[in-house]
Amino acid sequence: MCISRKILNWYAPKDRGLPWRKTKDPYAIWVSEIMLQQTQANTVIPYYERFMAAFPTAKDLAAAEEEALLKHWQGLGYYRRAKHLMAAAKIVAREGMPGDFEGLKALPGIGDYTAAAIASIAYGEAVAAVDGNLLRIYSRLHMVDGSIDKAAGKRRIVELANKDISRDRPGDFNQAMMDLGSKICTPTSPACGDCPLRGDCMAYHANCAEDYPRKSPKKKQKEEDVTVLLIDLDGRFLIEKRTGGLLASMWGFPMAEGHIRPEDVMKLLSEADFVAKKPEKVAEYRHVFSHRIWNVWVYYAPVEALFAAEGGRTWATKEALKNTYAVPSAFSPALEVIYGMD
DNA sequence: AAGTCGGGGCG
DNA sequence: CGCCCAGACTT
């Protein structure tokens with residue numbers, strides 16, 4: 001029996017109740033696949049439900065305010081995904097949803113994996129959706145010695161999977177591989193005894209499944225000290241729209257490089273023409289990104305004079321911070337300080 | 001080919 | 001703590 005048949009037989013009774021598996025709407029599949037990029041399914045579920053309720057069609061999304069979209073994306077990370085999704089939705093609202101792999105891949109934010117996932121699930125196109133799960137599974141099936149994060153190793157797996165994929169049920173094949181990867185063929189201590197593909201697996205027969213996939217060594221994150229300022233004008237806090245780089249297009253508090261002293265905070269505020277009272281250090285936390293770490297000091301700095309916020313800055317109330325502005329998790333402990341005030 | 005871009009879950 | 005996750009895009 002071929003791999004395709006075995007995996008489909010295993011999959012049939014185990015279809016999980018993930019919300020995006022209950023639809024064939026290409027737009028809904030699309031939204032879910034974008035959210036699922038580098039993000040675990042359980043994390044995505046509540047975001048997906050809220051998002052589809054707010055933006056049920058590509059036209060709705062195309063007509064939405066970017067701020068509303070970002071607010072829905074808050075906490076999910078990789079915020080460029082939201083920006084690309086919106087740009088693509090405008091194209092789709094104008095020209096219609098692409099009907100195949102190549103057309104999908106031409107949209108911003110849709111790469112090889114996502115185009116294959118949508119095309120196979122929504123259109124029945126026989127293209128393998130090669131994600132981390134499938135790379136891991138195939139690196140074990142064939143004991144692929146090239147690193148899967150290098151082009152050569154990945155290319156080989158793409159070819160192998162595209163030979164194996166079911167022509168009748170490509171979408172189920174791809175989703176079955178995801179499930180196999182998350183339940184059986186896991187990164188550490190895979191449950192080979194329960195695997196429907198163990199008869200075809202070179203690594204299983206050589207008893208070395210845990211040695212795959214091969215990966216090139218990753219470098220350590222850079223660690224940086226930063227200071228976050230909670231500038232309070234009568235219950236409103238100064239926030240700024242971040243431009244470019246990390247957390248771009250999200251709202252954050254004014255920041256300074258390094259761990260600065262209260263006198264330095266005072267000086268910064270004066271230079272910005274604030275009439276400030278004595279700043280006070282109110283919190284300290286560590287935030288870990290993929291390849292960067294912030295060691296954050298938080299200052300509370302009440303000011304007196306009103307200066308009109310301009311150029312991507314605004315004064316936000318506690319309620320607006322909670323309900324209106326998209327503030328990423330990197331600032332959550334700072335937000336908690338504000339929420340804890342009377 | 002290497003860097004950049006989040007955040008949470010889990011051992 | 002470090003690793004991993006339904007990756008894509010820029011340089």
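A note on names: the letters A, B, ... follow the listed sequences, proteins ahead of strands, and every chain is numbered from 1.
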List every contact pair, protein side and nucleotides 9-11 of chain C side both N or O, where the distance is under 3.5 Å.
{"from": "C/dC9", "atom 1": "OP1", "to": "A/G109", "atom 2": "N", "distance (Å)": "2.4"}

Checklist entry - Which whole number of Å gives the distance between the P atom of B/dG6 and that of C/dT11? => result 15 Å
Next on the checklist: Rounded to whole Å, please give me the gap between CZ in A/R242 and P in B/dC5.
Outcome noted: 10 Å
Checklist entry - Atom OH of A/Y11 and atom C1' of C/dA6: how far apart are they, to the nearest Å? => result 12 Å
Item to check | Whole-Å C1' distance, B/dG11 and C/dA6 | outcome: 22 Å
Checklist outcome for this item: NZ (A/K154) and CG (A/L134) are apart, to the nearest 0.5 Å, by 10.5 Å
Item to check | side-chain N/O A/H287 vs B/dG7 OP1/OP2, d < 4.0 Å | outcome: yes
Next on the checklist: Side chain of A/F289 only, heavy atoms from C-beta on: which candidate in B/dG7, C/dG7, C/dC5 is closest?
Outcome noted: B/dG7
Enumerate the protein-to-nucleotides 9-11 of chain B contacts in which both atoms are nitrogen or oxygen and the separation is below 3.5 Å.
none

Checklist entry - Between B/dG6, B/dC5, B/dA2, which one does the side chain of A/R292 approach most closely? => result B/dC5
Checklist entry - Has the side chain of A/N174 got a donor or acceptor atom that lies under 3.5 Å from a matching backbone atom of A/A128? => result no
Item to check | Verdict with reasoning, A/D232 to A/Y300, per side chain to side chain contact (heavy atoms under 4.5 Å, CB included) | outcome: CA-CA 7 Å; A/D232 177 1; A/Y300 175 65; 2.5 Å; yes
Checklist entry - Nearest-Å distance, CH2 (A/W30) to C1' (C/dG7)? => result 16 Å
Checklist entry - For the side chain of A/Q37, counting heavy atoms from C-beta on, which of B/dG6, C/dA8, B/dG7 is nearest? => result C/dA8
Checklist entry - Within this structure, what is the CZ-to-C1' distance between A/F101 and C/dA8, rounded to whole angstrom? => result 13 Å
Checklist entry - How long is the span from the CG atom in A/D200 to the SG atom in A/C2, to the nearest 0.5 Å? => result 9.0 Å
Item to check | Polar side-chain contact A/S329-B/dG8 base: donor and acceptor under 3.5 Å | outcome: no
Checklist outcome for this item: Considering only heavy side-chain atoms of A/M178, the closest of B/dG6, B/dG7, C/dA6 is C/dA6
Item to check | Evaluation steps, side chain to side chain donor-acceptor pair (under 3.5 Å), between A/Y212 and A/D145 | outcome: CA-CA 8 Å; A/Y212 294 87; A/D145 282 316; 3.0 Å; yes
Next on the checklist: For B/dG7 and A/T39 - does any side-chain N or O of the residue sit under 4.0 Å from the phosphate oxygens OP1/OP2?
Outcome noted: no
Checklist entry - Taking atom types as modelled, is there a side-chain donor on A/E33 or A/Y113 under 3.5 Å from an acceptor on the other? => result yes
Checklist entry - How long is the line joining CG of A/L246 and P of B/dG7, in whole Å? => result 8 Å
Checklist entry - Going by distance alone, is a donor N or O of one side chain under 3.5 Å from an acceptor N or O of the other, for A/E223 and A/N295? => result yes
Next on the checklist: Ignoring hydrogens and geometry beyond distance, is a side-chain donor-acceptor pair present between A/D179 and A/S182 at under 3.5 Å?
Outcome noted: no
Next on the checklist: Under a 3.5 Å cutoff, is there a donor and acceptor pairing between the side chains of A/Q37 and A/T114?
Outcome noted: yes
Checklist entry - A/R155 CZ to B/dA1 P: how many Å, rounded? => result 7 Å
Checklist entry - In whole Å, what is the span from the CH2 atom of A/W294 to the C1' atom of B/dT4? => result 14 Å
Checklist entry - Between residues 66-76 of chain A and DNA chain B, which residues have a heavy-atom gap below 4.0 Å? => result A/G75, A/L76
Checklist entry - If you measure only the distance, is there a donor-acceptor pair under 3.5 Å linking the side chains of A/W20 and A/Q175? => result no
